[in-house]
Amino acid sequence: MAVVLVGVGLVAFAGFAALPALTTSTYLIAFFLSVFIAAILAQSYDWVGGHLGYLNLGHASFFGIGAYTFGILLKGGQPLLVAFGAGAVLAVAFALLISYPFFRLRGAYFALATFGLVTLLELLASNLSELTGGSGGLTIPTGYRLYRAYYAALGLLALVVGATAGLARSRLGLALVSIREDEEVAGAFGVNAYGVKCLALVASAAVAGLAGGLYCWYLTYIIPSTVFGLDVAIGPIVMAMLGGSGTIAGPLLGALVLDVIREVLRFKTQYLALTIYGVILVLVGLFLPGGLANPRRWRRLTRLAGRRLA
């Protein structure tokens, strides 16, 4: 089974890598670029939210820090790689700063505290207008970089998926699951709970920071609500839960399905998007608790449908 999944993944990667040569549609390339960035965010969130079991509503804070750090440095004339690296480093530093006080909280308290970070950073980005451009936005030097951003996002996504696959089979992955199931018991068996949780948060922050830099690089213009908004904060969580939290393919599948829904309905406001998020979460909770990637749930639904049709 594992060999089959690896084969499917390699074929998908090769297909997406060849896509720009097979189509002249920049719309299609831009769509899949947005899917890649969404999938990177969902997968990196799931390291903490799914594998560790801590509902992190503040994952967008790392994304926004990476985006603004990248934009400010690139606008200031710094090299591209320096701007990307600084965004990831600053996101990691922020994750380390909050890790100890926040991991003393659990459940809803942890979720609410992390969500407060996103609101705080959005206010800071709006008020520090001399640095961030405030509500007027931050603009970086423009240029046609669609295909370069596409391949950079595809490469980062491949690395993140590979890291998730390795995590699932590693001692660190087992430690994450043991903490998720019972943190006290895990500690009693020698698991350094805080160290493991801190490592997961730092890794997810680094990836989200890089994704934020890619987002800013492609769009060339950001405002606080586009990187710290409620849509960005809730989106990765919905994607992970829709596809199957704590799995390798789940966040990828959830990102694709949710982005297709967004594109079909062409959301005009974040409030409509958030309404759809709520509906999806309710439907997943009622009918597919394990997400779309859980085949057992699909077999159960098929049996139920067959009985009703009969």
Side-chain angles (χ1 to χ4, degrees), residues 36-49 51-52 54-76 78-103 110-111 113-126 128 131-132 138 140 149 152-153 155-157 159-160 163-164 167 195-219 222-229 231-237 239-240 251:
F36 295 160
I37 293 176
I40 291 166
L41 271 179
Q43 191 74 270
S44 58
Y45 154 79
D46 206 47
W47 292 347
V48 174
H51 296 269
L52 182 60
Y54 275 72
L55 182 62
N56 182 13
L57 295 177
H59 194 60
S61 60
F62 309 130
F63 179 75
I65 287 172
Y68 269 108
T69 303
F70 173 86
I72 291 168
L73 291 179
L74 195 68
K75 187 177 181 180
Q78 295 299 316
L80 185 66
L81 292 180
V82 171
F84 272 123
V89 168
L90 201 58
V92 165
F94 186 69
L96 286 171
L97 181 66
I98 67 171
S99 62
Y100 183 74
F102 277 57
F103 277 131
F110 177 84
T114 52
F115 181 69
L117 290 175
V118 180
T119 305
L120 174 62
L121 290 173
E122 184 177 1
L123 289 173
L124 285 174
S126 298
L128 298 175
L131 186 63
T132 64
L138 175 69
I140 65 172
L156 180 58
L157 178 59
L159 289 175
V160 171
T164 305
L167 178 68
V196 171
K197 292 187 291 185
C198 185
L199 183 59
L201 184 66
V202 163
S204 69
V207 172
L210 289 172
L214 273 173
Y215 181 80
C216 181
W217 187 46
Y218 166 60
L219 287 185
I222 56 173
I223 58 175
S225 61
T226 59
V227 293
F228 292 120
D231 184 20
V232 186
I234 302 298
I237 301 169
M239 293 171 190

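This one's a predicted model, so the numbers in the text were calculated from it and none came from an experiment.
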Partners passing side chain to side chain contact (heavy atoms under 4.5 Å, CB included) against [X] (at least two apart in sequence or in another chain):
X	result
V202	V92, A95, L96, C198
L121	S61, I65, F94, L124, F228
A149	L33, W217, Y218
L159	none

Can you confirm whether [X] sits close enough to [Y] that some side-chain heavy atom of one is under 4.5 Å from a side-chain heavy atom of the other?
X	Y	result
Y54	T114	no
N56	Y45	yes
I237	H59	no
L219	I140	no
L57	V118	no
P224	Y68	yes
S99	K197	no
T132	L138	no

For the residue pair [X] and [Y], what are the closest heavy atoms and their distance?
X	Y	value
F62	A208	CB-CB, 3.7 Å
W47	A163	CZ2-CB, 4.1 Å
A88	A206	CB-O, 3.8 Å
V48	L52	O-CB, 3.2 Å
G209	A91	CA-CB, 4.1 Å
F110	F102	CD1-O, 3.2 Å

> By ring-ring contact (aromatic ring centres under 6.0 Å, His included), which residues pair with Y215, not counting sequence neighbours?
Replying inline: F63
Let me confirm one number: the [atom1]-[atom2] distance from [X] to [Y], rounded to the nearest 0.5 Å.
X	Y	atom1	atom2	answer
L41	L210	CG	CG	11.0 Å
L214	L156	CG	CG	6.0 Å
L167	Q43	CG	CD	9.5 Å

> Is there a donor-acceptor pair closer than 3.5 Å between any side-chain N or O of S44 and the backbone N or O of I40?
Replying inline: yes
>> Keeping S204 on the side-chain end and L201 on the backbone end, is there a donor-acceptor pair under 3.5 Å?
In response: yes
Name the atoms and distances for all side-chain donor-acceptor pairs under 3.5 Å in residues 79-86, with sequence neighbours left out.
none

